[in-house]
Structures are given as structure tokens and as C-alpha cells.
Engineer: 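After the C-alpha cells below, expect a handful of questions from me.
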Amino acid sequence: MFILNSVFKVLGISLMLAIGNAARTSEHPGLGRSITIGILLYEGWEPLDVMGPYEILMNLSYFHNLTLALISDSLGPVSTQPTVPPSSPFAAHNHMMPLSVSATHTYHTAPKLDILLVPGGVGLETREAANDTTLEHFVKSRYNELQYLLSVCTGSRVLAKSGVLNGKKATTNKSAWAFVTSQGTNVSWVPSARWTQDGKVWTSSGVAAGMDMTYAFTNFLYGNETVDQVMNIIEYAPHTDPSWDPFSVVYKIPGANMSMDLKDCAGPAGTSQTSLVMS
């Protein structure tokens, strides 16, 4: 009888743990899974649009099974400085400091993806001028199989042009508001948003806002236990209010809430100013 009771007790504990783990997995869909993430690269990509989210995701890969594919037109180095004709206004900036990252896959060889991130950058303007819609075609072709689609900064222009934002809310870099929001059909552009989520689509405001969105997104995927650890390791204090981007006031975006306070609203992850003072 003692042995049977012990067995039932172990089984009961195991069942409770299984139910608890199932509940956590349901609440945070990234737990216990292998996830493949794709990041689109193109000549003229914005460095922090890629490197900011990557820094968070790379550190999370110590705790969770994440695989990365860097996808571009061809394999090899992809520069942050676009190749432009001498007549282009960008040609005057050949003194800048370009950074190159090597693409691991092309649009034709990219693996099945769970998550796709689309960064912004000046290269979108040169692709627009050349009528190059490769990025938009790739996003549209992969959209149905993706579990989540993320854009940073003007990357939401690619999403809008591909048609996947139709009927959805989105935001973008406030300094490029007109350039981006002229695209797409039936898109609800949110002028004061730091980032938005509509179903499986997440979009952020400009550049550094991609890190804030990634913090919120990875909290959704994994919960805050390991995510807050990562943010404090990299010493980044994320903006945690998705509805408030102070740069909507700076750039006087039509429809933005101009009465909001422009004071700093960020603090270390998992803490409050009150808890810091009292500790």
C-alpha cells in the first residue's frame, strides 16, 4: 500500500507539473519550442533596426532554442550603404561608415520560418526608385506560413506594399510618417503608438523602438523571467507603453496626442522607480 501511495503521489505531482507546463506554454507560445527567425537584409538597411532586436534575441538563445536566417538578394555581405548612381542624393554621402553583414540565405533558399523581421532603412527608397518589389513579394509569399511578422521603423512600408497590413493597425518611424503611410489599403496607422500588435503582425516606430517592441514580443513568447534578465544584462531600459511614442509630438504627426508628457518613461525591466528607491 505504501508503494502504491508513493506511485500515485508521484503520478499526481507529474500530472500537476504537466498541467502547469501546458498552461504556461499556452500563455507563452514560445516555451519548449524550436523557433526559426528570419531577418531581411538589403543594401541600405538600418543598423539598429536589425542589431537592436538581434541583441535581445541572441541573448535569449542562451535560454531558448532559436535559429537565425539572414535573408537577402544573394549570399555574402550586405551593406548598410546602398549602391546608387552618381545623380542620386545619397551619392553625396560616400564618406559614411557602412557596415556589412553576411546573408546566410537568399529569398529562394530561405528555410521555413516561424518569425520574420523586416527592418527599415534608406535602401527602401532606392529600391522604390528602381521599382524593385522583391521584398514585398517575399513577405507576401511567406505570410500565411509565418506565425509572427515583425517590422521595425520604415520596414512597415514593405508590409503595407505587400498587402498584409490591409485591415490591420500599424505604426512606423514618425520622421518618415508620410513616406510610409502613403502605402497600403485600409491600414489603420496609429500616430501615437510606440509599437502595435494586430493578430500575428507587430510593427514598431523608428529605429530604437524596435528594441521596445522586441522586449514586448519576447515577453509574449516566453514570459518575463528570462526576458527581464536579458534586458538587465544588456542594460537597456525598455519603453513599456505601446500607445505612447513621444516622437509623434516631436514630429507633430496628425492625430497624435499632443498633450502627453515628454518626460522619460523608461526604467530597468521588471522594476519600478518606487521599488528602486525603497530597495
Engineer: Is a donor on one side and an acceptor on the other found under 3.5 Å between the side chain of Thr80 and the backbone of Leu99?
Structural biologist: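 Side chain of Thr80 to backbone of Leu99, a donor-acceptor pair under 3.5 Å: yes, one is there.
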
Engineer: Would you name the heavy atoms of Ala103 and Ser74 that are closest together and state the gap between them?
Structural biologist: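 Result for this residue pair: CB-O, 3.5 Å.
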
Engineer: Rounded to the nearest 0.5 Å, what separates atom CG in Asn224 from atom OH in Tyr222?
Structural biologist: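 Reported to 0.5 Å precision, the distance equals 14.5 Å.
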
Engineer: Compare every heavy atom of His105 with every heavy atom of Pro111, then report the nearest pair and how far apart it is.
Structural biologist: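 So the minimum-distance heavy-atom pair works out to CD-CD2, 3.6 Å.
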
Engineer: What verdict does the side-chain contact (heavy atoms from CB on, under 4.5 Å) test give for Thr36 and Ile115, after you've listed the backbone C-alpha separation in whole Å, the side-chain angles of each residue and the deciding distance to 0.1 Å?
Structural biologist: CA-CA 6 Å; Thr36 300; Ile115 299 169; over 6 Å; no

Engineer: Of all residues at least two apart in sequence or in a different chain, which pass the side-chain contact (heavy atoms from CB on, under 4.5 Å) check with Pro242?
Structural biologist: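 By the side-chain contact (heavy atoms from CB on, under 4.5 Å) rule, Pro242 matches Trp195.
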
Engineer: Looking at Tyr42 and Gly120, would you say the former's side chain and the latter's main chain have a donor-acceptor pair under 3.5 Å?
Structural biologist: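 Present.
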
Engineer: Using modelled atom types and a 3.5 Å cut-off, is there a donor and acceptor pairing between side-chain atoms of Thr104 and backbone atoms of Ala69?
Structural biologist: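 Looks like no, no N/O pair under 3.5 Å.
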
Engineer: Is any side-chain heavy atom of Met258 closer than 4.5 Å to a side-chain heavy atom of Lys252?
Structural biologist: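 Yes, side chains in contact.
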
Engineer: Please name all residues satisfying side-chain contact (heavy atoms from CB on, under 4.5 Å) with Val230, sequence neighbours left out, ordered by chain then number.
Structural biologist: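 Once residues adjacent in sequence are excluded, the partners of Val230 under the side-chain contact (heavy atoms from CB on, under 4.5 Å) criterion are Ile56, Asn59, Leu60, Phe63.
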
Engineer: Return the minimal non-hydrogen interatomic distance between Ala110 and Ile71, and the atom names on each side.
Structural biologist: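 Answer, listing the atom of Ala110 first, then Ile71: CB-CD1, 3.8 Å.
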
Engineer: Work out which heavy atom in Pro191 is nearest to a heavy atom in Pro254; give both atom names and the distance.
Structural biologist: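 So the two residues come closest at CB-O, 3.6 Å.
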
Engineer: What's the verdict on side-chain contact (heavy atoms from CB on, under 4.5 Å) for Asp198 and Leu165, showing C-alpha distance, side-chain angles and the deciding distance?
Structural biologist: CA-CA 9 Å; Asp198 195 331; Leu165 289 184; over 6 Å; no

Engineer: Is Arg127 close to Leu135 at the side-chain level, that is, under 4.5 Å between some pair of heavy atoms?
Structural biologist: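 They are in contact (side-chain heavy atoms under 4.5 Å apart), so the answer is yes.
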
Engineer: Quick one: which residue pairs count as a ring pair (Phe, Tyr, Trp, His ring centres under 6.0 Å) with a foot in residues 137-158, not counting sequence neighbours?
Structural biologist: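 Non-adjacent pairs meeting ring pair (Phe, Tyr, Trp, His ring centres under 6.0 Å): Tyr107-Phe138, Tyr148-Phe217, Tyr148-Phe220.
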
Engineer: Please check: side-chain N/O of Trp45 versus main-chain N/O of Leu40, any donor-acceptor pairing under 3.5 Å?
Structural biologist: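 The answer is no, because no donor-acceptor pair under 3.5 Å joins these two groups.
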
Engineer: Who pairs with Val190 by side-chain contact (heavy atoms from CB on, under 4.5 Å), at least two apart in sequence or on another chain?
Structural biologist: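 Scan of Val190 (side-chain contact (heavy atoms from CB on, under 4.5 Å), adjacent residues dropped) gives Lys169, Ala193, Thr196.
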
Engineer: For Asp49 and Pro119, which heavy atoms make the closest approach, and how far apart are they?
Structural biologist: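 Shortest heavy-atom contact: CB-CB, 3.6 Å.
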
Engineer: Evaluate the side-chain proximity of Met231 to Pro238: yes if any heavy-atom separation is below 4.5 Å, no if none is.
Structural biologist: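 Yes, at least one pair of side-chain atoms sits under 4.5 Å.
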
Engineer: For the atom pair CG (Leu70) and CD1 (Ile37), what is the distance rounded to the nearest 0.5 Å?
Structural biologist: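 One finds 10.5 Å between CG of Leu70 and CD1 of Ile37.
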
Engineer: Out of curiosity, Gln183 CD to Thr154 OG1, how far, rounded to the nearest 0.5 Å?
Structural biologist: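 Going from CD on Gln183 over to OG1 on Thr154, the span is 11.5 Å.
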
Engineer: Is it the case that the side chain of His64 and the backbone of Leu221 share a donor-acceptor pair, with hydrogens and angles ignored and the cut-off at 3.5 Å?
Structural biologist: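 Checked: no pair found.
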
Engineer: Checking side-chain contact (heavy atoms from CB on, under 4.5 Å) for the pair Val164/Leu149: CA distance, chi angles, key distance, verdict?
Structural biologist: CA-CA 10 Å; Val164 302; Leu149 174 61; 3.8 Å; yes

Engineer: Given Ser61, which of Thr67, Leu68, Leu66 fulfils the side-chain contact (heavy atoms from CB on, under 4.5 Å) condition?
Structural biologist: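 The single option meeting the side-chain contact (heavy atoms from CB on, under 4.5 Å) with Ser61 is Leu66.
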
Engineer: I need the Thr203 OG1 to Leu150 CG distance, nearest 0.5 Å.
Structural biologist: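 Nearest 0.5 Å value for the OG1-CG distance: 9.0 Å.
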
Engineer: Who passes side-chain contact (heavy atoms from CB on, under 4.5 Å) against Leu75, sequence neighbours left out?
Structural biologist: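 Per chain and number, Leu75 pairs via side-chain contact (heavy atoms from CB on, under 4.5 Å) with Thr106.
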
Engineer: Between the side chains of Ser156 and Thr172, is a donor N or O closer than 3.5 angstrom to an acceptor N or O?
Structural biologist: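 Yes.
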
Engineer: Measuring from atom CD of Glu136 to atom CD of Glu128, what distance do you get when rounded to the nearest 0.5 angstrom?
Structural biologist: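 These two atoms lie 8.0 Å from each other.
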
Engineer: Within a 6.0 Å radius of atom CD on Glu145, are there more than 12 heavy atoms belonging to other residues, nucleotides or ligands?
Structural biologist: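 More than 12 within 6.0 Å, yes.
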
Engineer: Does the side chain of Thr218 come within less than 4.5 Å of Leu57's, by heavy atoms?
Structural biologist: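 Counting from C-beta outward, Leu57 and Thr218 do come under 4.5 Å.
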
Engineer: Among pairs that include at least one residue of residues 205-216, which meet side-chain hydrogen bond (donor to acceptor under 3.5 Å, both in side chains), considering only residues two or more places apart or in two chains?
Structural biologist: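 Found Lys174-Ser205, Arg194-Asp212, Ser205-Asp245, Asp212-Tyr236, Tyr215-Asn219, Tyr215-Asp228.
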
Engineer: Of the non-hydrogen atoms in Pro53 and Leu117, which two are nearest, and what is the gap between them?
Structural biologist: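 Distance-wise, the nearest heavy atoms are CB-CD1, 3.8 Å.
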
Engineer: As an exercise, state the distance from CD of Glu55 to CD1 of Ile233, rounded to the nearest 0.5 Å.
Structural biologist: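 Rounded to the nearest 0.5 Å, the CD-CD1 separation comes out at 10.0 Å.
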
Engineer: What I want to check is whether the side chains of Thr83 and Glu43 have a donor and an acceptor closer together than 3.5 Å.
Structural biologist: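 A pair is found: one side chain offers a donor N or O, the other an acceptor, under 3.5 Å apart.
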
Engineer: Give a yes or no on whether a salt bridge exists between Lys200 and Asp114, defined as a side-chain N under 4.0 angstrom from a carboxylate O.
Structural biologist: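 Looking at Asp114 together with Lys200, the answer is no, because their closest N to O distance does not fall below 4.0 Å.
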
Engineer: With a 4.5 Å heavy-atom cut-off, do Lys168 and Val187 have their side chains touching?
Structural biologist: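 The answer is no; the side chains never approach within 4.5 Å.
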
Engineer: Quick one, Leu113 with Arg142, criterion side-chain contact (heavy atoms from CB on, under 4.5 Å). Give me CA distance, side-chain angles, the key distance, then yes/no.
Structural biologist: CA-CA 8 Å; Leu113 302 170; Arg142 292 298 186 104; 3.8 Å; yes

